[in-house]
Amino acid sequence: MDVYVEISSAERNWKVLLGKRPMTIGRNEDNVIMLTDVKASRYHCVIERSGDGYRIRDLNSRNGTLVNGQPIRSERLNVGDVVVIGSTRVALATEPVEEEVEELTEEDVVEHPRQTGSHSGAAGAISDYEAPIPADRLGDAVDLPDPERTLARMAEALPGTFTEDEITFINARGQRIQAGRSDGQDKHTAVSVLRLLLVVCFRTRASDIHIEPRSDRYQVRVRVDGGMVEILAMDKALGVKLAAVVKVLSDIDIAQRNVIQEGHFATQVPGASAGDGPRRVDYRISFAPTVLGQKLVIRILDPATGLTRLADLRLPKWMQDEMAATIGLEAGMVLACGPTGSGKTTSLYALIRSLNIVDRNVVTIENPVEVQIDGVTQLPVDESAEKTFSSLLRSVLRQDPDVIMVGEIRDAETARIAMQAAITGHLVLSTVHTRDTIGTIFRLLDLGAEPYMVAQGLHVVLAQRLTRQLCRHCRKAVAPTPQQLAKMGPAGEGVKYVFIHTGCPRCLGTGYSGRRAFYEMLRVTPAMREVILRRPSTREVEASLGDTPFVPLRQSGYELVAKGIASYDEIERTMG
């Protein structure tokens, strides 16, 4: 039986077929039902499926939403219930009538989809119906939304295994802080907001929290899957209290506001999966003075979000087998390449965790050491103390290492010493800032490494990029264009549809959930070693590949598009 939403306003009466997707109501033209009622907010409420029925939720509207004369925040909606939005009446009906009916049914494949969520570039926007509306979009709203209720509602919509009450604070001195929750009289307590904010970050796997002062409020954004997402706006008094709580936990002087301040604290939370013991999560704190007040950035260092083993990289089978064989060698060099933020160091950590560190002496040189690995000797770079990559690498070679990880090869001396180590009985892992695998060979030569060192020492080069995965709860299938299929090449053969992002509560309205790496692997063959000795051109290196398995990086990305894991536009953006 079809269910309709019947709308009665001063101008007209009409009905809209209620489908599977949420139906937003408000004055903004982005809503499914756009009202001209001046008493309605731009993003007023949403009607959505709930089990075998429907539920209506108020979106922090200015004048509220009434159901059968009672103000509501979230309420089950039955046929016959009357919803009042300003001077507009809304009701559910089961029989179509003579008035105008808009058919808004969902199809599996559409030619020209209307995207309801957005998250482009580095700055994303929260879905207009699933998350609180940012303060700069509230327009005629008198008060900012209740931050504690907003965060609690957001946390409830996200999958998670523990609540805010299970978070224990550990201050910078290592003391456990039993910071209580609200006493019921002032529910806008800074501690409660901080707890709920951390819960949202745990459930979205956020890496950073940005609390930024504005002229009339504080804006809270989190970095999820590499992009910034605004989740909350709070009044300035609460923002100042929240900053003070973080300063107390981090042992930072709360009286100072015009200087750069840094610190840290930690929390103890339940394990990542059932049966795991409690885990510690560290937070790096940075306050920076701005013209409007101090901006706070909290870096989240959660060990549960990192990869653990080679299998977690999700390499294609042939790449995984090749890499497993390579890291089992006694000597040679493995390089990960790509731009900043492409996950190179994370991949090297996964390789190290796949080694038998009981029988092998593993040493890393990093700038800085962010993830500590049991059984591995990790050295931080400190150029002010003349502890550079090259100087530490020379020192490490006198420590009888079997495996050496160098955080980055950025200069000629580091490249030369690392290559010498690779050809004299050490397995060397490192990263290089290049676009692809073949370009890495020329980068080493440009840094001054002798061709014979590159030819003898280099074994495998892994290029990679990180792309945002589509949220499987709200992705939308669309027909690919002929131009897209042509660019996808072999990956596009037989593809009848691809997916785009929309937005839902589980992905904070961004349309994306998690990130996925895609790769290009180059295995240096005997034929390629001979070519490298002659200082070759790019074409000569490509010709030396022969029958060696080799899939270009962009083609690997298109394979994710064909599988419905990533969107075509996201791969294009990632590849630049």
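- A salt bridge is absent between D282 and R299: the closest approach of a Lys/Arg side-chain nitrogen to an acidic carboxylate oxygen does not fall below 4.0 angstrom.
- Considering only heavy atoms from C-beta on, L545 comes within 4.5 Å of L522 through its side chain.
- Salt-bridge formation is detected for the pair E383/R410: a Lys NZ or Arg NE/NH1/NH2 atom is positioned less than 4.0 Å from an Asp or Glu carboxylate oxygen.
- The two residues P451 and L445 come nearest to each other via the heavy atoms CA-CD2, 3.8 Å.
- Using a cut-off of 4.0 Å between Lys/Arg side-chain N and Asp/Glu carboxylate O, E542 and R539 are scored as not salt-bridged.
- Taking the ring centre of F287 as origin, the terminal cationic atom of K247 falls inside the region bounded by 6.0 Å and 45° from the ring axis.
- Side-chain contact between L151 and I231: present, with at least one pair of heavy atoms (C-beta onward) separated by less than 4.5 Å.
- Looking at Y568 and M488, their side chains come closer than 4.5 Å, going by heavy atoms from C-beta outward.
- Atoms NZ and OG, on K344 and S342 in that order, are 4.0 Å from each other to the nearest 0.5 Å.
- Sparse packing is recorded around CG of N258, with 12 or fewer heavy atoms of other residues, nucleotides or ligands lying under 6.0 Å away.
- The 12-atom threshold is exceeded at CD of Q175, counting heavy atoms of other residues, nucleotides or ligands nearer than 6.0 Å.
- Of all the heavy atoms in H501 and L470, the pair that sits closest is N-CD2, 3.6 Å.
- Relative orientation of the F162 and F202 rings is perpendicular, given thresholds of 30° and 60° on the angle between their planes.
- The environment of CZ in R257 is sparse: at most 12 heavy-atom neighbours from other residues, nucleotides or ligands sit within 6.0 Å.
- Under a 4.0 Å N-O distance rule, the pair E572/K487 qualifies as a salt bridge.
- No side-chain heavy atom of V363 sits under 4.5 Å from any side-chain heavy atom of V376.
- The two residues H433 and E408 have their closest heavy-atom pair at CD2-OE2, 3.0 Å.
- Side chain of S556 to main chain of F518: no donor-acceptor pair is present (N/O by atom type, distance under 3.5 Å, no hydrogens or angles).
- For the pair L335 and T431, the minimum side-chain heavy-atom distance is 4.5 Å or more.
- In terms of heavy atoms, L158 sits closest to R203 at O-NH1, 3.5 Å.
- Here R173 pairs with D251 in a salt bridge; the nearest charged N to carboxylate O distance falls below 4.0 Å.
- With contacts defined as side-chain heavy-atom distances shorter than 4.5 Å, the pair R465/M575 qualifies.
- A salt bridge links K317 with D321: the closest approach of a Lys/Arg side-chain nitrogen to an acidic carboxylate oxygen falls below 4.0 angstrom.
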Derivation of the salt bridge (charged side-chain N to carboxylate O under 4.0 Å, His left out) call for D208 and R221
CA-CA 8 Å; D208 302 89; R221 297 189 294 168; over 6 Å; no
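- Crowding of R435 atom CZ: a count of heavy atoms from other residues, nucleotides or ligands under 6.0 Å not exceeding 12.
- Smallest separation of non-hydrogen atoms from P270 and E166: CG-OE1, 3.6 Å.
- Salt bridge absent: R314 and D312 never bring a charged side-chain N and a carboxylate O closer than 4.0 Å.
- Residues L313 and L351 come closest through the heavy atom pair CD1-CD2, 4.5 Å.
- Distance check: E322 CD to M319 CE gives 10.5 Å after rounding to the nearest 0.5 Å.
- Side-chain contact check for R529 versus V524: some heavy-atom pair is nearer than 4.5 Å.
- In this structure, the side chains of F169 and L198 come closer than 4.5 Å at one or more pairs of heavy atoms.
- Counting heavy-atom neighbours within 6.0 Å of I254 CD1, excluding the residue itself, gives a total of 12 or less.
- Note: Y283 and F265 have parallel aromatic rings, judged against thresholds of 30 and 60 degrees for the angle between ring planes.
- Put simply, CZ on R443 and OG1 on T434 are 8.5 Å apart, with the number rounded to the nearest 0.5 Å.
- Annotation: the span from T574 atom OG1 to Q464 atom CD amounts to 12.5 Å, rounded to 0.5 Å.
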